[in-house]
Protein chains: 2
Amino acid sequence: MAGSTEAEPRPMRADARRNRQRILDAAAATFAAEGIGVPVDVVAERAGVGIGTLYRHFPTKEALFEAIVVDRIDSMLARATAPNEGDDAAEHFFSFLTTMASEVSTKHDLTDALAQAGFDLKARCAEKFDQLRAAIDTLRQRAVDQGSVRGDVGTDEVLSLVVGVCVGSGKSGAACPAERLVGVVCDGLRVRS
Amino acid sequence: MAGSTEAEPRPMRADARRNRQRILDAAAATFAAEGIGVPVDVVAERAGVGIGTLYRHFPTKEALFEAIVVDRIDSMLARATAPNEGDDAAEHFFSFLTTMASEVSTKHDLTDALAQAGFDLKARCAEKFDQLRAAIDTLRQRAVDQGSVRGDVGTDEVLSLVVGVCVGSGKSGAACPAERLVGVVCDGLRVRS
DNA sequence: TGACAAACGGAACCTTGGTTCCGTATAGTG
DNA sequence: CACTATACGGAACCAAGGTTCCGTTTGTCA
């Protein structure tokens, strides 16, 4: 009854805050390098904490994962909505896609999160993801309006292309830098001259 | 010492042959529809045999998988080396890529096999895979020589693009038919007019 | 038709990886 | 400095899925 407004009951102990951060850092690095597959105990070990501690902060592996991915998407979102410094809308659009590709193909966890089934992050990060899609759509639309990018390929398709390319880049055979592959895709998106 | 030439000791019992085929069929269908993730007992059940039987024919899940994938690659290989009926090398090349895309994106197991890490089918199917790559390279080279396809994108890159696109098609968000995405890629491969 | 090797079925086993539980250690406070 | 709520560590637990084992069944051949 009393104080039902729940105004931040307790501040959180110092070591707890520190550990939480350590876990987050270790997880980000580990998942980025090796993908979702890495067992949680490995993350805990690298963070220098016990598994119990990890689970105290993140009730589930997926929760930990979510915390990281949301962050990643946020930073992409920021980049997508940044003001266009140059003038060419198409180049701006393509440049964003390229940056996104190198981001995604560098962070293995993102690749997994976006491409791999089995995790329904999609459900949890839906908001963020939709925002990102919307932002990209704006970029694309501008480029289309300007007349240099074909209008018959939607944002969802563009996303599929970029994400797919990142996956294809990382795994299949030898090294093909994602940026290069995205270059081909972008050329495919240009209006034929 | 005696008879060390190993000239096919025994013919294999009738029911065994039948069961082997059933397993192969069930596995092909199941893996195609649901990917590598499906547990072996499910396959056994759908084939109408016990797990023991399945393991008698295929000593390991990977072996079973390999049997199927090799077959799939073979059929793609056949298509890749089929004589060019039309005349336009570029169209022939693109048409093959499109067919390959629809094949791969339809057969979930192929997607998994080609894109997903964790299975080293690559090691086992290396031969077949190399043959396929070589065949595709021939198609590509012809198209390049003809002057309608850019020469600065290698076969490995093309493969990464196509495979990536298939993965991106299946998973990320709503349905984007792989063929359509490959279309964009092909446009990106055309020499700018 | 009887005998035997080959094949079958599926319970049991093992490993891997996520999650829980609880006794111990410690930051924060009077 | 003592006391308590908070946090910690990691052993133990549980589920999933691949693989093995062995008693039973069944083709095949004389």
Side-chain angles (χ1 to χ4, degrees), chain A residues 3 6 8-27 30-31 34-69 109 112-113 116-121 124, chain B residues 3 6 8-27 30-31 34-69 109 112-113 116-121 124:
Chain A
E6 293 285 346
E8 297 218 24
R10 285 115 229 198
M12 191 180 206
R13 237 165 73 174
D15 58 343
R17 189 158 41 257
R18 176 160 30 85
N19 277 333
R20 184 191 159 84
Q21 193 54 47
R22 275 190 192 162
I23 293 169
L24 227 31
D25 291 347
T30 303
F31 287 147
E34 295 161 56
I36 313 190
V38 187
V40 271
D41 22 354
V42 172
V43 174
E45 190 181 20
R46 292 192 189 163
V49 304
I51 323 158
T53 303
L54 188 152
Y55 270 90
R56 158 168 303 275
H57 290 289
F58 304 92
T60 199
K61 183 180 185 180
E62 198 171 348
L64 171 57
F65 204 69
E66 183 189 335
I68 294 173
V69 170
D109 48 0
D112 288 357
Q116 196 156 294
F119 251 97
D120 49 345
L121 280 173
R124 299 177 179 276
Chain B
E6 294 286 346
E8 297 217 26
R10 285 113 230 203
M12 192 182 207
R13 236 166 71 173
D15 56 346
R17 189 158 41 256
R18 176 160 29 86
N19 277 334
R20 185 190 159 85
Q21 193 54 48
R22 276 191 192 162
I23 293 169
L24 227 32
D25 291 347
T30 304
F31 288 147
E34 296 161 57
I36 312 189
V38 187
V40 270
D41 23 356
V42 171
V43 174
E45 190 182 19
R46 292 193 189 163
V49 305
I51 322 159
T53 302
L54 188 152
Y55 270 90
R56 158 170 301 273
H57 290 288
F58 304 92
T60 198
K61 185 180 184 178
E62 198 172 349
L64 172 56
F65 204 69
E66 184 190 333
I68 294 173
V69 170
D109 49 359
D112 288 357
Q116 197 155 295
F119 252 97
D120 50 345
L121 279 173
R124 299 177 178 276

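Chain A is the first sequence line, chain B the second, and so forth, proteins listed ahead of strands; every chain is numbered from 1.
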| task | Assign each of Tyr55(B) and Gly48(A) to its nearest nucleotide of DNA chain D by heavy atoms, then name whichever residue's nucleotide is nearer the 5' end. | result | Gly48(A)
| note | The residue, Arg17(A) or Val40(B), whose nearest nucleotide of DNA chain D is more 5′ is Arg17(A)
Between [N] atom [atom2] and [X] atom [atom1], what is the distance in whole Å?
X        : N       : atom1 : atom2 : answer
His57(B) : dG9(C)  : NE2   : P     : 9 Å
Arg18(B) : dC8(C)  : CZ    : C1'   : 12 Å
Arg22(B) : dA7(C)  : CZ    : P     : 16 Å
Asn19(A) : dG10(D) : CG    : P     : 12 Å
Arg56(A) : dC22(C) : CZ    : P     : 14 Å
Met12(B) : dC29(D) : CE    : C1'   : 19 Å
Leu54(B) : dG17(D) : CG    : C1'   : 13 Å
Arg20(A) : dT6(D)  : CZ    : P     : 17 Å

Which nucleotide sits closest to the side chain of [X]: [options]?
X        : options                   : value
Asp15(A) : dA7(D), dA11(C), dA7(C)   : dA7(D)
Thr53(A) : dT19(D), dC8(D), dA7(C)   : dC8(D)
Ala14(A) : dA27(C), dT19(C), dA7(C)  : dA27(C)
Ile51(B) : dG18(C), dG10(C), dG18(D) : dG10(C)

| task | Would you give the length of the straight line joining atom CD of Glu66(B) to atom CD1 of Ile68(B), rounded to the nearest 0.5 angstrom? | result | 11.0 Å
| message | Let me confirm one number: the NE2-CZ distance from His57(B) to Arg22(B), rounded to the nearest 0.5 Å. | response | 10.5 Å
| request: Using the salt bridge (Lys or Arg N to Asp or Glu O under 4.0 Å) rule, pick out the option among Arg13(A), Arg18(A), Arg17(A) that qualifies with Asp15(A). | output: Arg13(A)
| query | If you pin Val49(B) and Arg13(B) to their nearest nucleotides in DNA chain C, which one's is more 5'? | reply |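 Final value for this comparison: Arg13(B).
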| Member of Ile36(B), Thr60(B), Val40(B) meeting the side-chain contact (heavy atoms from CB on, under 4.5 Å) criterion with Phe65(B) |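 It is Ile36(B); the other options fail the test.
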| Any side-chain heavy-atom pair of Leu64(A) and Phe31(A) under 4.5 Å |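 Yes, their side chains come closer than 4.5 Å.
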